[in-house]
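These notes are about the structure you will find just below.
Residue numbering restarts at 1 for every chain, and letters A, B, ... go by the order of the sequence lines.
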Amino acid sequence: MVTSSLPLRLNRLSSNCSTVNLWNSQIREAVNKNHPRKALLLFRQMKQNAIEPDNFTFPFVAKACAKLSDPKYSQMIHTHIVKSPFFADIFVETTVVDMYVKSRRIDCAYRVFDEMRDRDVTSWNAMLVGFVQMGFFDRVCGLFCEMGLVGIRPDSVTIMGLTQAVSNSKNLYMLKGIHLFGIKIGVYGDVSVANTWISAYAKCGDFGSAELVFDGIEEGLRTIVSWNSMIGGYANDDKFFNALNFYKYMIGDGFRPDVSTIVSLLSSCKQPEELFQGKLIHSHAIQCGCDLAISVINTLISMYSKCGDVDSARFLFDGMHDRTCVTWTAMIGGYSGKGDMDAALGLFSAMEAVGEKPDLVTVLSLISGCGIIGGLELGKWIDSYAGSNGLKNNVMVCNALIDMHAKCGSIGAAQELFYVMSKRTVVSWTTMVAGCALNGEFREALDLFHEMVELGLRPNHITFLAVLQACTHAGFLEKGWECFNTMIDVYNINPGLDHYSCMADLLGRKGKLKEALDFVQNMPIKPDVGIWGSLLSACKIHRDVEIGEYAAHRLFELDPHMAAPYVEMANIYASAGRWDGVAKMRSMMKCNKVRKFPGQSHVEVNGKTRTFTVEDRDHPEGILIYELLDCLSFQSKEDASHSQHLEGISDHDLR
DNA sequence: GTAGGGTTAG
């Protein structure tokens, strides 16, 4: 029986062999042409035709799954492989590890990797890159050590993985170590390695080293990616002009910009003043034919929104036929960023209606929009939406919600969330400190700050800004100085314009005008309108004509068209009975064609946002509102006189 | 004919 069936089996095997080659080449072609679904379909048809896949089939199919990055398909293919005779093939198993890594199932990837009998450098690299992508820094280090212990020599891919890992944690010291190690094992000539080093150094803020690596790439080996790494590095650090310079050199060197070049340059235009530059890059994108790529359009939508031209953003959005979650989020973010929550929510429901699932970033931008307009009711709704979609396990979402609650005046809810969240980062603490400062809980803000320091967390420049703001608003002069000096001496943080501004404001409010002026005149960075403005306001409170005049003149020099300094100075003159000065300010305003636009505030009533300005009498119940307001300010003055004994809080702060 | 890798968006 055995002998009679043998020729038949052999015959079937050989026919399977030639057929399977045919299927393999078709599947390979589909994968290489970036049609992963077609590849999987071919695989299914192959099985339906009772053709057994071989050790060449599976790596192709696994690659298709990796491209789809859907754990559902990955698991299905893995089951097929386990049942096949090739489950222990090193090539096949390594692709399975990679497939799970790309489907973000790092647990499955590790299980397969761990059970492999045979592993070469490629298998280790696949796993290492997986940990890098997940941001598991400790696992990366652990795996790298282990690989050395079992005698696997790292190669250029290993170095790239390690480089990315340390650049994500912005560890310049370790980056230099890996750079040296790479030179030692001889992979520095690999242009891909050099490219990762360039962007890693840029991410760590060491542009000198980034340029050195760039210059060190052998002439003729430089690729568009090398240029993009340099341009992207500068662009990500908001150094638009350095990025643009490299862009010019790149063109001069005969390279044409690609999608990545355009995206990097566009994403560094985020202020209304940068709209012109953004448009310039847009025109370049059209010239090089990149303007139809979805990532470019998404970035354009975001660029136009951030630069204040939401209509252009919407025009692009409406003209698209393939919108991804990023597209919707960019547009929603555009509306949220300017406080147009009606439009943002309209798009949010439209997005859900077309079946596009909002993700973390979508929700984050809606939350921040609520904070901008002080829309507590809406904020609460998004809070519960985040909760029911499992997003409240995410630190960033919790931080945004804390910020939103604090900005809407609901400090209790902010505190509650802060104490129940499972993991608090420096950002969480900073947000809470700032929230307390904003809501007048100055002591609480300082207590929180000390608590975080005691817990061993390292406050950053934003934390110190929040603490200084608390001190300024509370009028805690000594505490303010203490924090300012601690920041410099203990934490080696260079104070920025905002920190100087806070200190100047604090000194001014406390009536130490001479000291404030001295402080501003001796600061190492050029004082801006904010600093001179707060000094001028302090002069108004303390009726100091002389220093007021000095500050006002600095402001006139910086921007002669700004109305506030003329008005403030006129008030200072008026309170000193200097009517000549008042008249002079009026004529200067006229001469410089200065017009005063009143500032606006927003308040949410019954879910609807209302805008109002100083002396706004437009509301139908205006009279009633102002009566209530008088009543409230009378009450607060009464309260103030009772709490005069509170340390450090002056009468002026309570006006 | 089979595996891991460089820049980039909300």
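- In this structure, CG on A:L316 lies 8.5 Å from CE on A:M303, to the nearest 0.5 angstrom.
- Nearest to the side-chain atoms of A:V361 among the listed nucleotides B:dG10, B:dG6, B:dA3 stands B:dG10.
- By the stacking rule of 5.5 Å between ring centres and under 30° between planes, A:W328 does not stack on the base of B:dG10.
- Put simply, A:K63 has a side-chain N or O that comes within less than 4.0 Å of OP1 or OP2 on B:dA3.
- Straight-line distance from the CD1 atom of A:I231 to the C1' atom of B:dG6: 15 Å, rounded to whole Å.
- Nearest to the side-chain atoms of A:N236 among the listed nucleotides B:dG5, B:dT8, B:dT7 stands B:dT8.
- Relative to the side chain of A:D120, the nucleotides B:dT7, B:dA3, B:dG10 differ in distance, and B:dA3 lies closest.
- Atom pair A:E356:CD and B:dG10:C1' shows a separation of 12 Å (rounding to whole Å applied).
- The A:M160 side chain lies nearest to B:dG5 when the options are B:dT7, B:dG1, B:dG5.
- Between the side chains of A:W197 and A:T163, at least one donor-acceptor pair of N or O atoms lies under 3.5 Å.
- With distances taken from any side-chain atom of A:T362 to the nucleotides B:dG5, B:dT7, B:dG10, the minimum falls on B:dG10.
- Side-chain N/O atoms of A:D359 and base N/O atoms of B:dG10 include a donor-acceptor pair closer than 3.5 Å.
- Contact check, A:K102 against B:dA3: no side-chain N or O comes under 4.0 Å of OP1 or OP2.
- Set against B:dT2, B:dG5, B:dG6, the side chain of A:P59 has B:dT2 as its closest nucleotide.
- Between the side chain of A:D190 and the base of B:dG5, at least one donor-acceptor pair of N or O atoms lies under 3.5 Å.
- Regarding A:N195, its CG atom lies at a distance of 7 Å from the C1' atom of B:dT7, rounded to whole Å.
- Geometrically, A:R105 does not engage A:Y110 in a cation-pi contact defined by less than 6.0 Å to the ring centre and at most 45° from the axis.
- Residue A:Q164 is in sugar-phosphate contact alone, with no base atom involved, counting any heavy-atom pair closer than 4.0 Å across all strands shown.
- A:R314 and A:Y304 form no side-chain donor-acceptor contact under 3.5 Å, judged by distance and modelled atom types alone.
- Contact annotation for A:T223: base contact, defined as any heavy-atom pair under 4.0 Å involving a base atom.
- A:K203 comes within contact range of no nucleotide atom at all, as no heavy-atom separation falls under 4.0 Å.
- Under the 4.0 Å criterion applied to side-chain N and carboxylate O atoms, A:E29 and A:K33 are assigned as salt-bridge partners.
- Between A:F207 and A:Y201, the gap from one ring centroid to the other reaches at least 6.0 Å.
- If you check every strand for non-hydrogen atoms under 4.0 Å, A:V296 touches nothing.
- In this structure, A:W227 atom CH2 and B:dT8 atom P are separated by 17 Å, rounded to whole Å.
- Distance CG (A:L300) to C1' (B:dG10): 13 Å, rounded to an integer number of Å.
- When distances run from any side-chain atom of A:V259 to the nucleotides B:dG5, B:dA3, B:dT8, the shortest one goes to B:dT8.
- For the pair A:I27 CD1 and B:dG1 P, the computed distance is 17 Å after rounding to whole Å.
- Listed in residue order, the members of residues 262-293 of chain A having a heavy atom less than 4.0 Å from DNA chain B are A:V263, A:S264.
- Between A:Y385 and A:F348, the angle of the ring planes goes over 60°, which puts this pair in the perpendicular group of the 30/60° scheme.
- One donor-acceptor pair, N or O on each side, does fall under 3.5 Å between the base of B:dG10 and the side chain of A:T329.
- With hydrogens and angles ignored, a donor-acceptor pair closer than 3.5 Å exists between the side chain of A:S260 and the base of B:dT7.
- Look at CG on A:L360: it is 14 Å from P on B:dG10, rounded to the nearest Å.
- Side-chain contact of A:S428 with A:N399: a donor-acceptor pair under 3.5 Å is present, judged by distance alone.
- On a pure distance criterion of 3.5 Å, no polar donor-acceptor pair joins the side chain of A:D89 and the base of B:dA3.
- Within 4.0 Å (heavy atoms only), A:S365 reaches no atom of the nucleic acid at all.
- Within 3.5 Å, no donor on the side chain of A:S199 pairs with an acceptor on the base of B:dG6, nor the reverse.
- Put simply, the side chain of A:S302 never gets that close to the backbone of A:N298: no donor and acceptor are under 3.5 Å apart.
- Of the candidate nucleotides B:dT8, B:dA3, B:dG10, B:dA3 has the atom lying nearest to any side-chain atom of A:F91.
- Between A:M99 atom CE and B:dG5 atom P the separation is 14 Å, expressed in whole Å.
- Atom CD of A:E218 is surrounded by 12 or fewer heavy atoms from other residues, nucleotides or ligands within 6.0 Å.
- Note on A:S25: nothing from the nucleic acid sits closer than 4.0 angstrom, heavy atoms only.
- Among the nucleotides B:dG1, B:dG6, B:dG10, the one closest to any side-chain atom of A:A330 is B:dG10.
- Of the candidate nucleotides B:dG5, B:dA9, B:dT7, B:dG5 has the atom lying nearest to any side-chain atom of A:D98.
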